[in-house]
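In what follows, every heavy atom counts, from backbone to side chain, and hydrogens, waters and symmetry copies are set aside.
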Amino acid sequence: SILPIPLLWIVGERDASYKTLAQSLTFAHPKSQIIFLAESGHRAPWDQPALFQKTVSTWIENLCI
């Protein structure tokens with residue numbers, strides 16, 4: 001089924017399996033986004049907590065634009 005909401009998919013740039021999966025995704029909502037988090041692996045929020053938080057915050061702020 002298709003979700004009619006914007007989605008943010010964050011993947012660590014060193015997480016090969018999920019990076020491949022993310023690259024195969026197609027989102028229905030135009031504000032959906034895939035972000036590859038620098039210098040992180042499978043546990044991106046733990047590898048780069050400040051960058052993860054900033055990425056999510058920026059994405060949420062941009063939803064209102």
Side-chain angles (χ1 to χ4, degrees):
S1 88
I2 297 174
L3 294 174
I5 59 172
L7 299 172
L8 175 60
W9 187 292
I10 298 176
V11 178
E13 71 176 359
R14 295 188 303 233
D15 187 349
S17 60
Y18 277 88
K19 191 172 180 181
T20 300
L21 175 63
Q23 291 168 327
S24 72
L25 295 174
T26 302
F27 295 118
H29 196 282
K31 290 197 174 188
S32 292
Q33 190 175 4
I34 298 169
I35 295 177
F36 299 105
L37 208 61
E39 299 182 27
S40 60
H42 183 71
R43 296 177 54 134
W46 289 266
D47 293 343
Q48 292 289 338
L51 181 56
F52 181 86
Q53 181 180 1
K54 178 67 176 164
T55 300
V56 173
S57 295
T58 300
W59 184 79
I60 290 170
E61 289 170 10
N62 288 333
L63 287 178
C64 299
I65 296 174

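When hydrophobic clusters are built by joining Ile, Leu, Val, Met, Phe, Trp and Tyr residues whose side-chain heavy atoms come closer than 4.5 Å, directly or via intermediates, Val11 is not grouped with Ile60.
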Show me the donor-acceptor pairs within less than 3.5 Å that the side chains of residues 25-37 make with the rest of the protein, sequence neighbours left out.
unit_1: His29; atom_1: ND1; unit_2: Lys31; atom_2: N; d: 3.0
unit_1: Lys31; atom_1: NZ; unit_2: Leu63; atom_2: O; d: 3.0
unit_1: Lys31; atom_1: NZ; unit_2: Ile65; atom_2: O; d: 2.7
unit_1: Ser32; atom_1: OG; unit_2: Leu7; atom_2: N; d: 2.9
unit_1: Ser32; atom_1: OG; unit_2: His29; atom_2: O; d: 3.4

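Applying the side-chain hydrogen bond (donor to acceptor under 3.5 Å, both in side chains) rule to pairs touching residues 49-65 yields nothing, sequence neighbours excluded. Residue pairs meeting the side-chain hydrogen bond (donor to acceptor under 3.5 Å, both in side chains) criterion with at least one member in residues 34-49, sequence neighbours excluded: Asp15-His42.
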